[in-house]
Amino acid sequence: MPEKDALQAAWIVTLPDHEAMEEFARILAEELKPGDLVTLSGGLGAGKTTLARALVRLLAGDPALEVPSPTFTLMQVYESPLCPIVHADFYRLSGGYELVELGWDEMMEKAVAIVEWPERAEDGLKAERLDIQLDFAPGGTGQGRIAVLTGTGRFASRLLRLKAFRNLVERCGWTDAVRTPMSGDASVTRSYERLVKPDGETALLMISPPRPPGPPVRRGKPYTTIAKLAETVHAFVAMDKGLRALGFSAPRIYGEDLDAGLLLIEDLGSEPVADENGPIPERYAEAARLLVRLHETTLPQVLPVADGYDHPLPPYDLEALLIEAELLLEWYVPHIVGTQLSGSVRAEFNNIWTEALNGVTAGPATWVLRDYHSPNLIWLPDREGLARVGLIDFQDAVLGSPAYDVASLLQDARVTVPAELELKLIGFYLRERKAADPAFDVADFARAYAIMGAQRATKILGIFARLDRRDGKPHYLQHLPRIEAYLARNLAHPSLSRLKGWYKAYLPGLVAAAGEDPPSS
């Protein structure tokens with residue numbers, strides 16, 4: 001679809017015919033969600049009702065839906081799988097005060113509203129909106145239109161991202177694909193959509209705009225900086241290229257817009273490494289074998305992103321590991337245990353963790369993918385060897401202890417890994433590492449595994465409590481008993497006796513299950 005250059009949060013689109021208008025409506029309909037307001041402006045015959053009618057039918061999923069002009073009724077409400085759709089024509093409105101009598105604000109909360117003649121409502125409509133100004137294309141036969149889109153409020157960034165998305169799919173040959181939202185990611189800054197072409201071919205759209213800096217929490221730095229979390233999509237691109245160069249099945253990147261944080265990537269499917277009965281042993285074994293291969297390989301510490309851009313992997317240092325562990329104190333203790341700990345008790349927690357972690361951070365370092373567990377591993381049966389393990393979440397990779405990802409896999413936060421399977425795969429990992437490197441220290445790794453497992457369990461207890469309390473995602477709480485039992489299992493290691501003593505003294509429930517398997521899913 002042709003377009004002209006635009007400034008700020010605006011987008012000018014040329015619509016040469018009715019088919020282009022229909023395609024334009026499809027692009028908009030895929031972007032809209034409950035609570036959105038779309039205002040249509042332009043003179044008589046400019047195409048406002050034509051565009052509104054197309055939007056209503058697309059949102060309702062009914063191409064034959066009767067959509068009369070609401071000029072005399074002012075509003076018409078339609079049902080859709082997504083939410084109610086309100087089609088309004090305010091030509092006969094005397095002013096914004098009349099919207100109160102119509103119950104407009106209450107109706108708008110969970111609906112998509114499409115409003116013609118919005119200027120008649122004066123200031124009665126919310127400022128955050130997508131405005132579309134339609135006009136006749138100059139020099140035409142009356143068929144073509146020019147649409148000037150302007151986003152205000154949060155719609156400004158959404159409009160710029162939509163424009164970037166259209167440019168991306170046009171470059172990559174995916175303009176005819178339908179966008180379908182995907183769920184399941186715990187991130188609050190990253191989302192995914194599946195793109196489906198008419199012939200059934202699929203790809204994924206990764207939407208990961210630059211992470212806004214959070215409030216400073218320590219020495220003027222935000223949590224994300226201290227914890228070494230990726231702030232742009234550059235980290236994903238760099239790690240993706242690095243993993244694929246090693247022969248691993250990270251997604252191919254079909255196209256990218258680094259500034260907008262958009263990636264069009266290969267769809268690896270959804271075949272899991274675990275099912276309703278828990279881990280599938282042979283698939284977990286292959287995932288453990290992949291870690292062996294990764295950890296016995298000499299790896300670069302700086303990876304290319306694009307011309308002129310490199311990504312240095314940050315160290316998983318003491319500061320990062322400690323602030324993650326403190327999530328237990330900030331979220332789990334007050335919101336799950338229902339208590340507060342004194343400053344001296346918190347200081348003791350930090351001191352003991354510092355002592356435990358110092359030996360690990362001083363040890364051998366490798367790529368730590370950081371979220372190497374069942375939700376992020378895809379089984380690819382049509383491939384061979386280690387390529388059967390698909391990797392999809394590695395943008396927060398750091399340089400740290402190889403024990404971390406092994407613990408992440410074998411102490412899966414969302415799937416119960418039986419103790420016997422955990423021990424079997426740890427044994428396999430240790431034998432393979434020792435065979436490749438006779439100097440590999442099995443005892444040091446076992447100690448690091450317990451420490452990293454305890455740190456990860458401590459962190460995730462805090463994260464899942466935060467997801468419930470702050471982000472309104474209570475379903476993560478169902479996993480807490482499993483993670484608590486993993487923590488107890490790790491604290492049984494002799495090197496963590498001081499840490500176990502702290503938990504027994506101040507959070508005794510967390511070590512009550514020591515030696516027991518976590519409850520099944």
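Computation of the quantities below employed the complete heavy-atom set of this structure, encompassing side-chain atoms and omitting hydrogens, waters and symmetry-equivalent molecules.
Applying the salt bridge (Lys or Arg N to Asp or Glu O under 4.0 Å) rule to Glu30 yields the partners Arg26; only residues at least two apart in sequence or on another chain are considered.
For the 3.5 Å distance criterion, the side chains of Asn376 and His373 qualify, holding a donor opposite an acceptor. Side-chain atoms of Thr361 and Asp317 form no donor-acceptor pair, as typed in the model, at a separation below 3.5 Å. Using a 3.5 Å distance cut-off with no hydrogens or angles, the side chains of Glu231 and Thr225 do pair a donor with an acceptor. Glu422 and Tyr284 are not linked by any side-chain donor-acceptor pair at a separation below 3.5 angstrom, with hydrogens and angles left out of the test. Side-chain contact, Tyr486 with Thr458: no donor N or O sits under 3.5 Å from an acceptor N or O. In the model, Thr416 has a side-chain atom that pairs as donor or acceptor with a side-chain atom of Arg482 under 3.5 Å.
The distance between the ring centers of Tyr429 and Phe445 falls below 6.0 angstrom.
Between Leu263 atom CG and Leu258 atom CG the span is 7.0 Å, to the nearest 0.5 Å. Within the model, atoms CD of Gln455 and OG of Ser401 stand 10.5 Å from one another, a figure rounded to the nearest 0.5 Å.
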Q: Start with the C-alpha gap between Glu330 and Arg469, add the side-chain angles, then the distance that decides, and say whether salt bridge (charged side-chain N to carboxylate O under 4.0 Å, His left out) holds.
A: CA-CA 11 Å; Glu330 300 297 331; Arg469 186 75 175 189; over 6 Å; no
- prompt: Taking it one step at a time, do Arg388 and Asp382 satisfy salt bridge (charged side-chain N to carboxylate O under 4.0 Å, His left out)?
  reply: CA-CA 7 Å; Arg388 292 177 295 175; Asp382 294 335; over 6 Å; no
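The aromatic rings of Tyr316 and Tyr404 sit perpendicular, their planes meeting at an angle over 60°, well past the 30° parallel limit.
Under the 6.0 Å distance and 45° angle rule, Arg431 does not count as a cation-pi partner of Phe428. Note that Arg179 lies in the cation-pi zone of Phe165, set by a 6.0 Å cut-off to the ring centre and a 45° limit from the axis.
A salt bridge does not link Glu432 with Arg289: none of the charged nitrogens is closer than 4.0 Å to a carboxylate oxygen. Between Arg433 and Glu296 there is no salt bridge, since no side-chain nitrogen of the basic residue lies less than 4.0 Å from a carboxylate oxygen of the acidic one.
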For residues 336-343, run the donor-acceptor check on the side chains, cut-off 3.5 Å, and write out each pair with its distance to 0.1 Å, sequence neighbours left out.
| residue | atom | partner | partner atom | Å |
| --- | --- | --- | --- | --- |
| Ser342 | OG | Ser344 | OG | 3.1 |
| Ser342 | OG | Val345 | N | 3.3 |

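Under a 3.5 Å cut-off, the side chain of Asp310 and the backbone N or O of Val302 do not form any donor-acceptor pair.
Residue pairs meeting the ring-ring contact (aromatic ring centres under 6.0 Å, His included) criterion with at least one partner in residues 200-229, sequence neighbours excluded, do not occur; the list is empty.
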